[in-house]
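Below is one structure; the comments refer to it alone.
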Amino acid sequence: MSIDTNLPMELYKANVQLWLNMGLLLQEARQQWADLGDKTLEDDVEETRKELEDLSHASDWKDLTNLPGSTAWRRMQKRVGDAQACTETAIAEQTRFVAGIQHALADWQKSLTRAFSDAGKSLPMGVPMKGAVPDFGALMAMFTPTAGGAGTKTAGKGKSHAN
């Protein structure tokens, strides 16, 4: 009897799809962090330009001595804002990532259920697997000596020589 089932292929495809979905989620998370880094870098470049502009407008020593203090204060305020934005991004990204993993696992579970269900339809459990497994009883009978056959005489001779 030939068993026609695509179970191994369907299981393999479900597993590959799960890993590809997880890989995509990781790439998207990496992209989010790269975008945040790019934004931070752009803001830092803009802040440096602002400082250069302030420096070029300084007309006396008093303006020049106030620059480091005002720059430090602005940068400190900006870092607090950056930390808050980073925390918000981390929370949002983690929430999105976990939801994506849950969705990927649910899809994987559905694929496995469908694969096993389809395999069950092609091979009902109540039907004996006649012909699918060799008849080991007949195979073993070929190698088992009969009670009144030549094997008994040989065994008997061996015992008499041992005495």
Side-chain angles (χ1 to χ4, degrees), residues 1-140:
M1 173 176 157
S2 174
I3 301 172
D4 182 24
T5 179
N6 288 327
L7 183 61
M9 174 62 92
E10 293 302 318
L11 294 177
Y12 182 77
K13 283 172 43 179
N15 287 336
V16 168
Q17 183 179 9
L18 175 66
W19 286 111
L20 288 174
N21 283 336
M22 288 183 165
L24 181 62
L25 287 168
L26 289 170
Q27 287 174 344
E28 289 172 350
R30 186 175 61 196
Q31 182 66 46
Q32 284 290 108
W33 286 107
D35 290 346
L36 180 64
D38 288 346
K39 184 185 178 318
T40 302
L41 182 60
E42 288 173 14
D43 291 348
D44 285 347
V45 167
E46 188 59 39
E47 182 70 24
T48 303
R49 284 190 178 133
K50 171 85 170 100
E51 290 170 5
L52 285 170
E53 186 179 318
D54 289 349
L55 179 62
S56 68
H57 292 308
S59 58
D60 59 10
W61 286 106
K62 183 180 174 204
D63 291 341
L64 197 57
T65 56
N66 287 335
L67 280 177
S70 64
T71 299
W73 182 250
R74 274 197 321 264
R75 289 217 177 220
M76 186 179 71
Q77 288 176 329
K78 184 179 178 324
R79 294 299 173 239
V80 170
D82 289 349
Q84 183 178 2
C86 186
T87 302
E88 289 171 0
T89 299
I91 291 170
E93 182 55 34
Q94 188 66 23
T95 302
R96 189 195 66 76
F97 183 75
V98 168
I101 291 290
Q102 288 173 338
H103 182 72
L105 288 173
D107 285 349
W108 177 71
Q109 186 177 20
K110 288 176 190 172
S111 296
L112 292 182
T113 302
R114 188 173 44 252
F116 279 111
S117 175
D118 291 345
K121 289 175 188 170
S122 67
L123 180 66
M125 291 305 211
V127 175
M129 295 181 59
K130 190 175 191 180
V133 179
D135 183 7
F136 286 110
L139 193 60
M140 290 305 291

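In this text, all values refer to a predicted model and were calculated from it rather than measured experimentally. If you read the sequence from its start, that first residue is 1, and numbering goes on from there.
Considering all non-hydrogen atoms of both residues, L18 and A104 come closest at CD1-O, 3.7 Å. Across all their heavy atoms, A115 and L11 have their closest contact at CB-CD2, 4.4 Å.
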Query raised in the report: Under the side chain to side chain contact (heavy atoms under 4.5 Å, CB included) criterion, do E42 and E46 qualify, and how do the steps go?
Result: CA-CA 6 Å; E42 288 173 14; E46 188 59 39; over 6 Å; no
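How far CG of L41 is from CG of L36: 11.5 Å, rounded to the nearest 0.5 Å. Rounded to the nearest 0.5 angstrom, T40 OG1 and R79 CZ are separated by 8.0 Å. Atom CD of E93 sits about 9.0 Å away from atom OG1 of T95, to the nearest 0.5 Å.
Taking the charged nitrogens against the carboxylate oxygens, K50 and E53 have no contact shorter than 4.0 Å, which rules out a salt bridge.
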Please tabulate, for side-chain N and O atoms in residues 19-33, each donor-acceptor pair with protein atoms closer than 3.5 Å (sequence neighbours left out).
from : atom 1 : to  : atom 2 : distance (Å)
N21  : ND2    : Q17 : O      : 3.4
E28  : OE1    : R96 : NH1    : 2.9
Q31  : NE2    : D35 : OD1    : 2.8

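Around the CD atom of E47, the shell of radius 6.0 Å holds more than 12 heavy atoms that belong to other residues, nucleotides or ligands.
The side-chain heavy atoms of S111 and R114, taken from C-beta on, include a pair separated by under 4.5 Å.
Take R49 and apply the side chain to side chain donor-acceptor pair (under 3.5 Å) test, not counting sequence neighbours, and it matches no residue.
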